[in-house]
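The next block holds one structure in the form of structure tokens; read it before the comments.
Only this structure's heavy atoms are used, side chains among them; waters, hydrogens and symmetry mates stay out. Throughout, a chain's letter reflects where its sequence line sits, starting with A, and its residues are numbered from 1.
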Number of protein chains: 2
Amino acid sequence: MSPERDLYSGLIRLHILHHAVKEPIYGLGVMEELGRHGYKLSAGTLYPILHRMEKTGYLQSQTEREGKSSRRVYTATTAGKRALAKAKVKVKELFGELFEEE
Amino acid sequence: MSPERDLYSGLIRLHILHHAVKEPIYGLGVMEELGRHGYKLSAGTLYPILHRMEKTGYLQSQTEREGKSSRRVYTATTAGKRALAKAKVKVKELFGELFEEE
DNA sequence: ACTTCGATATCGAAATACGATATAGTTCAA
DNA sequence: TTGAACTATATCGTATTTCGATATCGAAGT
């Protein structure tokens, strides 16, 4: 529906990976965090993204039962950290190009 | 094949859009430029991207016949420039998060 | 009981990715 | 002057991804 999504899909994953490196994350929490950054995506989009990032090997999950109900909590794997480190170089390059002086 | 592609797909489009705003671009030229940034993508991936960005309304094209053979040359539309401006804000935000001090 | 809420999962049609393959004009050496 | 090498773009087919809609399930109100 939104044609801008194409431009942002990678950025969204990098946001997710970055947060997963810093601390454990979970689905709805990520949705809210992304919403704060102006990315509107539904649960039907986000959860499959997390599943795939786990299948790819960037994230690992475990079901947490903290008193209340259960949450599937994700943290970044070593491969995820490596992928983020590489991607940061790319983001830096893009940033440099986009905001360079004439 | 490369699972990192997921992380970069948006970055690639932003590179393309950025260049199309600065000057006219064409398929193989973009491929080489992206290659210089370490993005390896085949013609079968790139051309459909350009087609879609045109269909979306970010780019407009015309066939140029500069003496030699012909090239389909793309430039950014007003909508494309607007989309890039918006995306730049997002990239800046991501950059800030990824490279913030602790 | 019933609804709302937090949380996750899955379905299905449409769109996208990408290697492989096709097409076509130019150049240039044999 | 045939044909190999190169420039340039397009399309096909399988697999994957997107994303709204829908489903599930337990907590907590009321």
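For DNA chain D, the residues of residues 24-43 of chain A within the heavy-atom distance limit of 4.0 Å (strictly under) are S42(A), sorted by number.
Closest to the side chain of Y74(B), from the set dT8(C), dA17(C), dA10(D), is dA10(D). Distance from the side chain of H51(B) is smallest to dT11(D) among dT11(D), dT18(D), dA9(C).
Judged purely by atom type and a 3.5 angstrom limit, T63(A) has no side-chain atom pairing as donor or acceptor with the backbone of R71(A).
The distance between atom CG of L7(B) and atom C1' of dA17(C), rounded to the nearest whole Å, is 15 Å. In this structure, L46(A) atom CG and dA7(C) atom P are separated by 13 Å, rounded to whole Å. Distance CZ (R71(B)) to P (dT7(D)): 11 Å, rounded to an integer number of Å. For I16(B) and dT16(C), the CD1 to C1' distance is 14 Å, given to the nearest whole Å.
Distances shown here put a side-chain N or O of R72(B) below 4.0 Å from the OP1 or OP2 atom of dA10(D). Residue R13(A) places at least one side-chain N or O closer than 4.0 Å to OP1 or OP2 of dT18(D). Note on R52(B): a side-chain N or O is less than 4.0 Å away from OP1 or OP2 of dT16(C). Between Y47(B) and dA10(D), a side-chain N or O to OP1/OP2 separation shorter than 4.0 Å is absent.
Taking a cutoff of 4.0 Å between a charged side-chain nitrogen and a carboxylate oxygen, K22(A) and E100(B) qualify as a salt bridge.
None of I16(A), V21(A), V91(A) except one satisfies the side chain to side chain contact (heavy atoms under 4.5 Å, CB included) rule with L84(A); the exception is V21(A).
Put simply, L34(A) and M53(A) are part of the same group of oily side chains (I, L, V, M, F, W, Y) that touch within less than 4.5 Å, one to the next.
In dA27(D) the base sits syn relative to the sugar, since the glycosidic angle is no further than 90° from 0.
If you check dT10(C) for Watson-Crick or wobble pairing at under 3.5 angstrom, you find it paired to dA21(D).
Both tests hold for K90(A) against Y39(B): distance to the six-membered ring centre under 6.0 Å, angle to the ring axis within 45°.
Among residues two or more places apart in sequence or in another chain, the ring pair (Phe, Tyr, Trp, His ring centres under 6.0 Å) test is passed with H37(B) by H15(B). Listed by chain and residue number, nothing satisfies the ring pair (Phe, Tyr, Trp, His ring centres under 6.0 Å) test with Y74(B) (two or more places apart in sequence, or in another chain).
Heavy-atom nearest nucleotides on DNA chain C were determined for G44(A) and for I49(B), and the one closer to the 5' end corresponds to G44(A).
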